[in-house]
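Keep in mind that the numbers below use all heavy atoms, side chains included, and drop hydrogens, waters and symmetry copies. Just so you know, these numbers come straight off a predicted model, no measurement behind them. Each chain gets a letter, A, B and so on, in the order the sequences are listed, and its residues count up from 1.
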Amino acid sequence: MTVEIEGVMRHFGTAVALDSISLTLQQGEFAALLGPSGSGKTTLLRILAGLDFPDAGSVRIAGTDVAAVPARLRGVGVVFQHYALFRHMTVAENVAFGLRVRPRRHRPDNAEIDRRVQRLLELVQIPELAARYPQQVSGGQRQRVALARALAIEPQLLLLDEPFGALDALVRKDVRRWVRSLHDQLGITSILVTHDQEEAMEMADRVVVMDRGRIQQIGTPRALLDAPANPFVAGFVGDATRLEGQIRDGRLHFDGLPIDPIAAPGADGPVAIFVRRSDVVIERSGAASEGFHVALVRPSNDATHVVIRHGAIMLDGVLAETAAAVKRGDQCRVRIRRCAVFGATGDIIAVERARALVDRD
Amino acid sequence: MPGLGVSLGITAGWLTVIVLIPLATLALRPWELGFAGVVGALLEPRVLAAFRISFGGAIIAALVSIPIGILFAWVITRYRFPGRRAMDALLDLPFALPTAVAGLALTALFAPNGWLGAPIEQLTGWKVAYTPAGIVVALIYVALPFVVRTVEPVLRDLSLDAEEAAATLGATRLQTIRRVVMPTLLPATITGFALGFARAVGEYGSVIFIAGNMPMVSEIAPLLIVVKLEQFDYAAAAAIGLAMLLLSFMILLLLNMWQRRLRRGHE
Amino acid sequence: MTTAIRPAASDSWPVRWVLIVFAAVLATILFLLPLAAIVAEALRRGWEPALAAIVEEDSLSAMRLTLLVAAIAVPVNTIGGIAAAWAIAKCDFVGKRLLTTLIELPFSVSPVISGLVYVLLFGAQGYLGPWLQSHDIQIIFALPGLVLATIFVTFPFVARTLIPLMQEQGRDEEEAAVTLGATGWQTFRRVTLPNIKWALLAGILLCNARAMGEFGAVSVVSGHIRGQTNTMPLHIEILYNEYMFVGAFAVAALLALLGLLTLAIKTLLETLTDRRMGAHA
């Protein structure tokens, strides 16, 4: 089942929540709406669910314009941010709700409802909790109840609004993978709303990055990392540090940093430079000069993370594999393996692969 | 959310028929006397005296209710003692007790031969029942719960952290209360005062038994409306009613503006 | 529920006990002594005259009338109050603040004025008076007037109790219900109502207590016709003015009992909901 969103606008008073949003999802796709709070992602989700309505533009679900279809007739399953479980109903009653409120002629009989609830609880692996109340089960279990409840109406589209936000870090990782595998098993077109880029990158086939009511970029997780479309995406996706610089005569200069200029195409002028931690390679340098020095060292499994500073500027990097250990206060030099550079208009100029060792000496 | 049309329709119909149309007649009726007539009716000495008593009494009662109300709110939110729940429940009594019953009870209590009236008169020579003092007592009774119930939730929510922080910064307990607790309570206190005042200024049932109802001395404005109605002087009754409403709304509006200024300061 | 008091923010025990004792004395004077005085006055000549005053014919008819008025006014305000609370707490529309203010309006109108407006509208010299007279419809000095005045005075109770609770509960559960296919009515009955039922009951009780105890507003529209338009509070006044003190205080004691009962049930309901809330946290 496909979802086609075209030119959707939504204002709240004078504030623009959604600005000309257009987006098409394929049958069975798992997409993520990724953005900071206030980016409009939840508004878009509510419009798809029929809980909010656009001021302009159209939404088609499975080819049907849903502008006049109220939420209860859309058949869109929603897993709410705080689950919105019915607190006065047991887990089983929660899951059965969508079946019980059907008009009598479409309503399965009680035995059939019980059977389906049982099946759904087994699907989400909590059949033993059927008689409990929501406040008697853990966060992760509530999440499963919410999912089973949404699946009970056999939705053609499943919307997940920050579904993992209320879980602690350990549970979150498990539940995330489990939800994704459930999606692969059921094949329901799904949209995940999240502000957590790691979550979006791990779960989604395609990620829609949003900011201030606009879509900033749509692409596979790989594409977003390799070719961010603008400074916002470069900064938001993939832990990059933003540095200021200039392009002069085909070379990129780093403002106020002891990093030698590197070759870069593009017109002269100020630029924004985004470097990821893994692309900042650090080595100890002998000379006591006005270079970088080590501010923090944090060993980790893959590489040693090092935070270095020069004046007021801090930069995240990793220790070069062959390099000797460093400690706080050591002088060091830096090699930028790769960076994304954006001109004043926000257009990408280059994702530069700098092969040469760039250092002070 | 569905049901907006239905619920708004019911609400609007209910509101219009029961409240808005009837209140509109109050705004219309006085003017059959002409503007000069309305002014004349309101400037009658007996009317002016009644306004002084009603508004003065309500303001005094609401002011007296502030310290008593804060005391009650403080005691029931901060301390644990036997009978706390009972005291908490009793504070709502004026909401639940019919006003005529309250009036009758206070009259019996403060009458010259009453349990409290007699000793008070013996000790101080003051009479309470059948004087303006009796009116104020009855109005305190009705206004007090409003102060308690608006201050109480703020006091409950006011985290002890703030008080503890003040203590670690070297403030004495009294300084903490004066500089940390009281300013936080001020907006709620104003709201409580406003609610208590609004209730007291129009109060009838609990006052007329204890007031004595002497024209010019202890006759409240609502009673004067009843008197005018009994004389079939509808227009004058409406004029007094309208003036009462406008005057009390003006006072409430001023209090509301003051309170909003304070709230804004806190944000 | 407040948390346990921690030392740095607590008062020394002398301060604490002075304040508690002071509050207890004040509460006794303001709330307990008046109740005791009613009972004492009613029983001044023993049980029999007091009971006789209550089962006397005019008293009984006043009770019947009071019950009848409340039986009409309370359901009207319950339905209206629920509708208003739903619209204000669960829906978005322009003019919400105005509507909230208007619903609260009757609380800041003197009860006497609440009665007065119906006299101005329906009384002999009221706007609709002549028309009503020519059609032989009696509103003022009759049951409809009593009912209208009572509805006016008790108008905000249910809405006021529900609105803050429903706003606090948010719309999540209702939105979930709607996405699962529930109609507006199903959503209200199966999701909203179970969550507000205790508060609703408390609101209805308060509304009822005020409806049965209202004095000023019904006094203006009643005409004080014994056995016909006299409610219990009005009956108390008549007895008192006729120096039948035992009777007046006996009926007052009965009404006071209603108030106390209301209070007791309301407190019980609050304890119940507090416990429930505790379980949710």
Heavy-atom pair with the smallest gap, counting every atom of C:I29 and B:L109 = O-CD2, 3.9 Å
ask   = Do you know the tightest heavy-atom contact between B:Y79 and C:I20?
value = CD1-CG1, 3.5 Å
task = Mind ranking C:A124, C:P233, C:A36 by heavy-atom pairs under 4.5 Å with chain B and telling me who comes out on top?
result = C:A36
request  = Over 60° means perpendicular and under 30° means parallel, so classify the ring planes of C:W17 and B:F81, tilted if in between.
outcome  = perpendicular
request  = First locate atom CG of C:L102, then atom OG1 of B:T16, and finally report the distance between them rounded to the nearest 0.5 Å.
outcome  = 9.0 Å
query = With only heavy atoms counted, which part of C:I236 is less than 4.5 Å from chain B, the side chain, the backbone, both or neither?
reply = side chain
Toward chain B, the part of C:L33 with a non-hydrogen atom under 4.5 Å = both
inquiry  = Contact between B:V226 and C:L116 at the side-chain level, heavy atoms closer than 4.5 Å - yes or no?
reply    = no
inquiry  = Is C:P106 close to chain B through its backbone or its side chain, or both, or neither, when contacts mean heavy atoms under 4.5 Å?
reply    = side chain
query = Would you say the side chain of B:R173 lies within less than 4.5 Å of the side chain of C:V15, judging by non-hydrogen atoms?
reply = no
ask   = Are C:F22 and B:I68 side-chain neighbours, meaning at least one heavy-atom pair lies under 4.5 Å?
value = no
request  = Check each atom of C:V251 against the heavy atoms of chain B and say whether the ones under 4.5 Å are side chain, backbone, both or neither.
outcome  = neither
query = C:D92 versus chain B, heavy atoms under 4.5 Å apart: side chain, backbone, both or neither?
reply = backbone
message = On a heavy-atom basis, which atom in C:L19 and which in B:V75 lie closest, and how many Å separate them?
response = O-CG2, 3.8 Å
request  = Heavy-atom distances under 4.5 Å only: say whether C:E41 touches chain B with side chain, backbone, both or neither.
outcome  = side chain
task = Below 4.5 Å from any heavy atom of chain B, which atoms of C:L105 appear? Answer side chain, backbone, both or neither.
result = side chain
Atom pair CZ (C:F152) and CG (B:L23), whose distance is rounded to the nearest 0.5 Å = 4.5 Å
message = Which atoms of C:A248 are under 4.5 Å from chain B, going by heavy atoms: the side chain, the backbone, both sets, or neither?
response = both
request  = Side chain from CB out, backbone as N, CA, C, O: work out which of these in C:S219 comes under 4.5 Å of a heavy atom of chain B, or both, or neither.
outcome  = side chain
ask   = Considering only heavy atoms, which portion of C:F93 lies under 4.5 Å from any heavy atom of chain B: side chain, backbone, both, or neither?
value = side chain
inquiry  = Report which part of C:I88 has an atom under 4.5 Å of a heavy atom belonging to chain B: side chain, backbone, both, or neither.
reply    = neither
ask   = Should the ring pair B:W14 and C:F155 be called parallel, tilted or perpendicular, given that the plane angle runs from 0 to 90° and is split at 30 and 60?
value = parallel
task = Can you see which heavy atom on C:A83 is nearest to which on B:S7, and at what distance?
result = O-CB, 3.3 Å
Distance-minimising heavy-atom pair for B:M87 and C:A27 = CG-CB, 4.4 Å
message = Using every non-hydrogen atom in the two residues, find where C:G216 and B:Y204 come nearest and quote the distance to one decimal.
response = CA-CD2, 3.4 Å
key: Separation of C:F215 CZ from B:L104 CG (nearest 0.5 Å)   = 9.5 Å
request  = State, with a plain yes or no, whether a side-chain heavy atom of B:F249 is found less than 4.5 Å away from one of C:S108.
outcome  = yes
ask   = Taking B:G202, B:A108, B:G83 one by one, which has the highest count of heavy-atom pairs under 4.5 Å against chain C?
value = B:G202
query = Going from CG on B:L90 to CG on C:L35, what distance comes out if it is rounded to the nearest 0.5 angstrom?
reply = 7.5 Å
query = By a 4.5 Å heavy-atom criterion (distance strictly below it), what part of C:A24 contacts chain B: side chain, backbone, both, or neither?
reply = both
ask   = When only pairs under 4.5 Å are counted, which of B:T99, B:I177, B:D92 shares the most heavy-atom pairs with chain C?
value = B:D92
request  = Under 4.5 Å heavy-atom distance to chain B, tell me which part of C:V220 shows up: side chain, backbone, both or neither.
outcome  = side chain
message = Shorter than 4.5 Å, heavy atoms on both sides: which option in B:V19, B:L97, B:L106, B:L245 has the most such pairs with chain C?
response = B:V19
